[in-house]
Every structure is written in C-alpha cells, then in structure tokens.
Amino acid sequence: MKYFSSRFYKKLIVLILSFYLCAWFFYWISGSQLRYETIIEKQEEITGSIGELSEGSTATQELLFNFDQVTALAFKFADYGRNLSGKLDIILHNETDNITYPSITVDVSQIKEGDWFLIDIPYMASDLAGKKGSIEFIGYSPTGEAPTIFYAENGKGTIYVNEKILSGQLCMIISGRHYYRLAEYYWSIITFGASLLAAGLFYIEFCRKHGRKNAILQLELIWERYRFLIKQLVSRDFKTKYKRSVLGYLWSFLNPLLTSLVQYMVFSTLFKSDIKNFPIYLLTGTIFFGFFSESVSQGLSAIVGNSSLITKVYVPKWIYPVTKVCASATNFIISLVPLYIVALFTGCRPNFALILLIFDIMCLLLFCIGLAMALSACNVFFRDIQYLWGVISMVWMYGTPLFYPETIIPEAYRSILKLNPLYHYVNFARTCIIDGVAPSLSTFAFCLGAAAVSLAIGCIIFKKTQNKFALYI
Amino acid sequence: MLSINHVTMNFRMVNDKIDSLKEYIVKLLQGKLVYNKLTVLDDITFSVEKGEVIGIIGRNGAGKSTLLKIISGVLQPTSGQVETFGNIVPMLELGAGFDAELSGKENIYLNGAILGYSEQFLNEKFDEIVEFSELGNFIEMPIRNYSSGMMARLAFSIATVVNPEILIVDEILSVGDVGFQNKSRARMMELMGGGTTVLFVSHSLNQIREMCNRVVWLENHKIYLMGETQSVCDAYQKFWSE
C-alpha cells in the first residue's frame, strides 16, 4: 500500500532528475567560471626606471595580495638602447607565512623595451588573499648588458633596490584568481538543494491530500483559475501594440536595430577602439535596457489605465501590471532574433553559454515585474510617478554602460556601478554572446538577488495598498 | 445565496483630492492635511435568497454603487462581511473590458476571460453570443467601428450567456434599439426564471416595479426601507413628491 499516488512519485523522480540535469549542465557550461574568477591588476604609468639589474644587484617589490592565487606576471623592462645578455631570477615570497616559491629564470636577451614581458607562474598555493608578499629580482647579467624595470613613483607600495628604498610600484600586471570556496562543495550543495526540493514536494503533496492550505498550492490554484485571463490580457497587449501599422510585428525587429544603428554612427568613433565587437555591445545594451524601461513604464500605468475594470470586476489586481510586463517580454524575446543574427554576422560563434541567457532573462523579467508592481501601486496615489519615471529611466540609461565602455567611469564611482542591477543584466548577456563563456558566479548571484529583492518589495507595497485602489482611481 | 452582515464603509478622504506628490508634500508641510471621515454605508444588513431580484433605489450618493462594489468584491468594507455563494457576474458599463483595436471576436474572449469564463466555455458558447448580439459579420471587425448600441449588445450578450448565480446590473438595461431592449428584458426574465439572483440598481421605478421581487431603499447611507416592491416604490414616490 502506498501513501502517495504513483503519479506523484513519477513527477517527483522527473523533477529531481531534471534538477540534477540542470545542475550538471550548468557545471559543464560554466566550467572554470564556477570555481574561480580571474582578476587582473594593472600599473601602467611610467615615471622612471629603478636602475640597472646587473650581476649581484637585487630589487624587491613589496605588495599585498588581493586574491588567492597568482597565475601570471608581466613587467615593462628597459634596455637603455643596448643589447642585453645574461639572466634574471624572479622569486615570489609569501611574507606572512614565510614561504619562498621556486625562482623563475628569465633569459634577458628576449626582452624588448616598452613591451609587456609575460611570465607564467607555474604553481602556487591558493591561499594568498589578504597576505603580504614580495617579488624579488636577482640580476645575473654583466654590467652594461643588464635590463632595468620601469616604475611609477605615485604607485602604492615600496621597492627596495640594493638596500635603497624607492616608494612607488613597478610597471606590472598581476593576473590572479579569486577562488569560490563554496564551489568545492558544488555537488553537496546541489544534493542538499535536491533533497530540499523533494521534501518540499512531499510536503505539498501531503497538504493537497489533507486539504490543507499552503502558499504554493494557493499559487497553483490562482494559476489554474486565471491562466486564461492572463493569456488573453498578454495577447491583447501584444496584438494591439503594432495594430494599424503597416509593418506590424516587424517593428519588434526594426526598432532596436535602427536605434542601435543611430547610436553606432554617433558613438563608434568615440568608443569603438576600446570595445570588443562594438555593434553587439551596443545592440545588447539597447535591447535589454529597452525592454526594462518599456515594460516598467507600461506596467506602472496598468492599474490606473484599467480603472473601469478594477472598480467593477473582481480580478486579482496584480494581474494587470504583471501581464503588461509579460506582453513587453514577448516583444523583447522577438527582438533577440535580430540580435543573434547580427551577432553571427559579426563573428560570434554559436555556443552553449547562450542557454544561460534564459536565466538572465528570467531574472530581468522578475526584476521588472517587481518594479512595475511597486510603481503601479504608487501611481494610483501619486500620478507624478509616470512623469517621474521618464526622467528616472533616462538617468538610469546614462548611468548604465550601454554605449560607452565601463572604463570611462572614474575608479571612485565604479563601485556605484556595481550596485546597478541593469549593469549586471546587460553584462551577463554580453559575456554570453560576445565572449561565449559563462559569467562569473558573483554576476549570477547579483542577478538573482536583485530580482528577488525587487519582487519582494513590489509584492509588499502592492499587497499593502491594493485594497485602497478602488477608492483613488 | 447572499448575505450582507453589518457592512460599514468609511472613506478617509483628504479635504481636497490630492493626487500629486508635490501637493501632498506641500500640504503635509503646511499641516493642512486634514482627513475627513466619510461614511458611505452605515451598518447595512440584509440577505438575498436564490432567484430573487432585488432592486436598489435611492438618491445619488446614497451609496448604491459602493454597495454593489462591496458585494462584487472590488472594495473591502471597513467592517462587516459579505458572504456569497456562487459566481458573481457584473454587467460592465459601456466599453469597459473591451479593447477598441481588437475585433468583436477577440473581444468576446477578452471580456469573457475578465468575467471569469473558461476558454472551453467560450468556445462552446461563441456562436450563441454572436447570434444573440445580432452582430453577424461585424464580429470580425475592430470594435472601434461599432456604434454604441452594437457595443452594448455585445456586452450584454457576453454577460448573460452564462447562467450566473448572481448578476449585478447597474443601470444599463436601456441599451440598443427597442427590439434589442425587449430581447434583453426577455433574457433577464429567463435568467431570473432559471434561478439567477439579480441585484439591480436603477433610477427608473417602472423597471424596478416590473422586474423586482423586493426593493432596498438606501437613504443617507442606511437602509431606509426594505420590503415588497410595490409598497416600497409607492413610499419612494410619495417621499419625492412631498
């Protein structure tokens, strides 16, 4: 005798298996991105050189490790216009734990003045974050044939050259990795998630069997009951958008293409050289941001615009803003087609990372729904919101790197940029389409987190105020 | 079928209706944000049996429409409860729930969905709705080309195709030409005969006398008189002639 029906067990097994499949798929696509993030620190400025590193002379740069592991170093050497010969040893120290790593020997004759000289670091422990360290150079070249290294006086840190002290930093690039410790437990976390899922399903089935209420069953009931209405409202908005226009749905293709074309002509000379695949960089930004600003502006007038219905028929009121956003989303998804076509033309290869876009789009959709719900509720009481939104969305647009590279934002304000959810949503898509790799784990977390926060705030504001709507519209 | 227990509705209205943020802040800073308590319904209690047709009369602003809104669940009363058994279908005012750009056919589905009908039900009843509305080939046309009479016919046909348990009618029976008026009245009678409970707000005493079993007379946000149609209507007429 079984307690639950066999149909339920079948459903359970299918769900758990597909959960694992998704997890495996994600693991496979994201690959190294899941385990670590690559960080690059650069000191490019040159104010002078530290002096000749001939036989017997040493130079030591003190530094603070900002990440877990160093994978490569690059320096700018100078040759005083002479032919170089001999060797140079480079030794990394971890001073906090007093560990010295095997030295790396460089053939000095390979050095070209002014070029970055790249040195791979073969193996290093991955626990450097926050520790003090140093890079030591020991010269083995005859005087007159030894190289020197450029440095910047205003850089942070201290350089010791043959017991002489220089304040500043060497011209160098440190490429390192920041490891996600949690990723080591990936499969344990997934298994934990799967068992939570299973427990949840059992609980819901138990409630269903005993006629008890719970939030998910309630949601299922609402969905069953209002599915047809939601479908009708979404298709209404979608159908009427381009009604009476000759080209109809083609505008969903043309609109972002034409906007981007104008922007491309205006900005291409300004920023082109700084950005890889500028057309796609631009188009992705335009389409994603366009969806955001349009869906929110549609959604925020949904309650006021449907006042004649809201005062007459009982329909859960959240349906109005949600369907407005969903109708915009249909449009948005159509406009991804020309985006992808242009991407293929500009040399992006089809790849599996594109599947991750589904995650990005879902998060963006939830983010928009949350915002639309909050604003549509506020708009009932203060009609200024709809005019205010025009201004806010414009500020938001200029604040997001849509047509300019993020590097033009001063370092001091860069951290504010990182708080802008739209920056992450757009960046997520760009990484998938242009680079063809999975974005970093922190981007995933931020996208999901922003969506959850927005949705929660939207629901709370909406729920608190919805009973008063009928009085104010 | 429907019972209304001690329903009271208070609005907390600001002196002037403020709907801009600037006005609100200015008034708030000036300390002029005075709230007036406005009682729109005061302790209303009555119940309706299955199949009854209840007329609601009263002067403008007596609270008739608010009462209907509370019954249909659009407004939450300040205190008291409304218990309903069965689905409520409101007859919408002209054009509400329609989209002018869509065809009559698409509007049947849209409006039907808003009224809570299922897709399957609408598929089955589609022909019946079109036939009753007498729109014929116009059904494929965008309804922005419809006359107001045609729109009303369509709205009435959609609202009454279902046999709702409770039908709420707010002053819209006088739609269309004479022929359609007769037809719609006949359909209303048919519904009532079939056990539909109707709540009917009208200023036309003739209609009330003709259709209702019982009448609730709201005066000053309270029930002034409630009872058998003819006597309440007579009293109402007398009240106004004095």
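All chains are named by letter (A, B, ...) in the order of the sequence lines, taking the proteins before the strands, and each is independently numbered beginning at 1. Values in this document were obtained by computation on a predicted structure and should not be read as measured data.
- For the residue pair B:Asn10/B:Thr39, the side-chain donor-acceptor check at 3.5 Å is satisfied.
- Residue A:Lys468: no heavy atom, backbone or side chain, is found under 4.5 Å from chain B.
- Shortest non-hydrogen contact noted between A:Met373 and A:Val322 is SD-CG2, 4.3 Å.
- Legend: residues meeting ring-ring contact (aromatic ring centres under 6.0 Å, His included) with A:Phe469, ordered by chain and number and at least two apart, are A:Phe462.
- Heavy atoms closer than 4.5 Å to chain A are found in the backbone of B:Ser118, but not in its side chain.
- With hydrogens and angles left out, the side-chain atoms of A:Thr259 and A:Thr286 include no donor and acceptor closer than 3.5 Å.
- Put simply, CD1 on B:Ile44 and CG on B:Asn5 are 12.0 Å apart, with the number rounded to the nearest 0.5 Å.
- If you measure heavy-atom distances from B:Leu122 to chain A, the contacts under 4.5 Å come from the side chain alone.
- Taking the ring-ring contact (aromatic ring centres under 6.0 Å, His included) definition, one finds that A:Phe291 meets it with A:Phe332, sequence neighbours left out.
- For chain B, the option among A:Lys231, A:Lys243, A:Arg236 with the highest count of heavy-atom pairs below 4.5 Å is A:Arg236.
- Contact residues of residues 296-307 of chain A toward chain B are absent (heavy-atom distance under 4.5 Å).
- Relative ring orientation between B:Phe121 and B:Tyr117 is described as perpendicular, the plane-to-plane angle rising above 60° on a 0-90° scale split at 30° and 60°.
- Partners of A:Trp389 by side-chain hydrogen bond (donor to acceptor under 3.5 Å, both in side chains), not counting sequence neighbours: none found.
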